[in-house]
2 protein chains.
Amino acid sequence: MNIQSQSRKGRKFDQVIDGARNIFLSEGFEGASVDVIARQAGVSKATLYSYFPDKQALFMAVLNQECDVQRRAQMDIEFLQRDVRDALRHLAYSMLEFLMSDEGVSIFRVCVAEAQRFPELGRAFYETGPSTAMSHVAGYLSTPKVGTALDIDDPRKAADLFMKLCRGDLMLRRLLCVSSQATHEEVSEAADEVVETFMARYRKA
Amino acid sequence: MNIQSQSRKGRKFDQVIDGARNIFLSEGFEGASVDVIARQAGVSKATLYSYFPDKQALFMAVLNQECDVQRRAQMDIEFLQRDVRDALRHLAYSMLEFLMSDEGVSIFRVCVAEAQRFPELGRAFYETGPSTAMSHVAGYLSTPKVGTALDIDDPRKAADLFMKLCRGDLMLRRLLCVSSQATHEEVSEAADEVVETFMARYRKA
DNA sequence: CAAAAACTGAACTGATCGGTTTACACTTCC
DNA sequence: GGAAGTGTAAACCGATCAGTTCAGTTTTTG
């Protein structure tokens with residue numbers, strides 16, 4: 001796929017990352033064995049170790065890439081044009097869709113689990129994920145258009161509220177494997193509730 | 001301490017549980033070695049295995065006990081008497097104090113991390129922890145006294161909102177080891193914000 | 001086509017894992 | 001004081017772990 005990585009790092013680099021992601025995200029760091037990763041990647045263990053000095057480096061490489069994915073998956077631009085309520089609804093919906101997806105849940109789970117063991121990891125995840133998402137939301141909430149509809153004094157605090165509203169019981173149940181993937185209806189309903197509460201908090205006096 | 005467990009299960013039962021809790025909560029299931037647990041507990045490995053058939057049973061025993069602690073740590077009763085705003089503030093503060101404590105963070109971290117590997121665990125934690133807490137809050141929000149101050153149609157949904165408001169950026173940063181334990185001022189300020197937003201959402205029309 | 005580079009499979013190392021066994025010591029209680 | 005019950009330390013087991021080595025095969029490249 002990636003020409004640069006193929007020429008610089010060998011033909012099977014992407015395979016290794018993909019296999020490692022699958023295993024790490026479902027088994028965690030300690031739970032994932034290098035032999036299993038190599039088998040899943042369709043690659044010999046020697047090849048794997050020609051790319052990465054050790055298991056920990058491979059782990060960090062996988063999660064750094066996942067953080068980038070997360071960052072790139074952020075909001076489309078055209079929603080800015082819409083009516084404020086519609087824009088917020090769209091924002092809440094797409095955020096919930098990501099948070100509730102298999103990938104979103106897995107990344108979060110692993111990062112929380114290993115944050116103590118790998119201090120850089122927790123910080124990197126927080127900054128590329130929740131923190132930049134919050135900044136984007138705060139940026140949108142600072143636009144004049146939003147100012148005409150809502151009375152927001154502290155956009156960062158307001159953005160924090162918006163994110164909080166997205167992380168409700170639905171997500172908690174997902175994280176703890178109490179319920180499986182939510183339906184689109186549930187997500188949509190949750191998004192409605194997010195917007196309703198948010199606008200109630202910041203409506204013009 | 002516990003006479004029953006001493007007589008039934010041997011003198012060092014509580015030591016084993018305590019040591020195991022320390023190690024499991026900081027290292028996770030896979031990361032914790034039985035030898036280290038035994039050393040931490042000040043007990044021989046043979047003794048440990050005379051109490052528990054295997055590592056997994058010990059793990060579940062520790063976390064079942066922790067779930068009980070969590071349940072018992074729930075709200076005092078006398079706050080019901082107060083002014084609604086004060087009561088909610090007290091509720092938010094004590095909930096935040098627990099969520100942000102070393103113990104609260106550790107339990108949550110481990111349960112999220114191992115929920116996939118131990119399906120019963122995630123459910124048990126959810127039900128003894130967040131779910132019963134939410135029920136208690138919902139119960140309070142259904143009282144006539146609250147009804148005079150707020151216009152709540154769906155107490156469970158309102159309780160979910162209340163919990164959501166408690167799990168904000170502050171807790172996320174704690175979970176991901178971005179920042180260490182919060183000051184009482186930060187917690188107190190966060191509790192104020194919880195109440196303000198909650199009452200704005202459900203104030204009488 | 002030939003040399004260089006990438007990859008393979010399998011054997012291997014030394015360490016650690018969960019769990020068992022053994023031979024011995026300390027309490028407790030009749 | 002002598003069992004019976006409880007705990008200990010350390011050796012031990014087979015399995016698995018992360019990581020290395022190597023002789024040989026495949027792919028790329030010029």
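Reminder, nothing fancy here: chain letters follow the sequence lines and each chain counts from 1.
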Tell me if the centroids of the rings in B:Phe59 and B:Phe52 come within less than 6.0 Å of each other.
no

Return the value, rounded to whole Å, for the distance between atom CD1 of A:Ile37 and atom P of D:dT16.
17 Å

Taking the side chain of A:Lys55 as heavy atoms from C-beta outward, which of D:dA18, D:dT27, C:dG19 is closest to it?
D:dA18

Please state how far atom CG in B:Asp54 lies from atom P in D:dA15, giving the value in whole angstrom units.
18 Å

Minimal heavy-atom distance between B:Gly19 and B:Ile37, with the atoms involved, is C-CG2, 4.3 Å

Is it the case that the base of D:dG19 and the side chain of A:Lys45 share a donor-acceptor contact (distance under 3.5 Å, atom types as modelled)?
yes

Categorize A:Gly42 for me: base, sugar-phosphate, or nothing, with a 4.0 angstrom heavy-atom threshold over every strand shown.
sugar-phosphate

Distance, rounded to the nearest Å, where B:Leu48 contributes CG and C:dC17 contributes C1'
14 Å

Below the 4.0 Å mark, does C:dT8 have OP1 or OP2 next to a side-chain nitrogen or oxygen of A:Lys12?
yes

Walking DNA chain D from its 5' end, the first of A:Ala32 and A:Ala46 to be reached, judged by nearest nucleotide, is A:Ala32

By the 4.0 Å heavy-atom rule, please label A:Ser33 as base, sugar-phosphate, or nothing.
sugar-phosphate

Is there a side-chain polar atom (N or O) of A:Ser44 under 4.0 Å from OP1 or OP2 of C:dT8?
yes

B:Leu150 vs B:Phe198 side-chain heavy atoms within contact, under 4.5 Å:
yes

Check A:Arg89 against A:Ser188 and note the closest heavy-atom contact, atom names and distance.
NH1-O, 3.3 Å

Do any side-chain nitrogens or oxygens of A:Tyr51 fall under 4.0 Å of OP1 or OP2 in C:dC7?
yes

A:Asp35 CG to D:dC17 P, straight-line distance once rounded to whole Å:
6 Å

Whole-Å distance between C:dG18 P and B:Glu27 CD?
12 Å

Value in whole Å for how far the P atom of C:dC7 lies from CZ of A:Phe52:
12 Å

Rounded to whole Å, the CD-C1' distance (B:Gln15 to D:dT8) equals 13 Å

salt_bridge(A:Arg173, A:Glu186) N-O dist < 4.0 Å:
no

Between CD1 of B:Ile23 and P of C:dT16 the distance, given in whole Å, is 16 Å

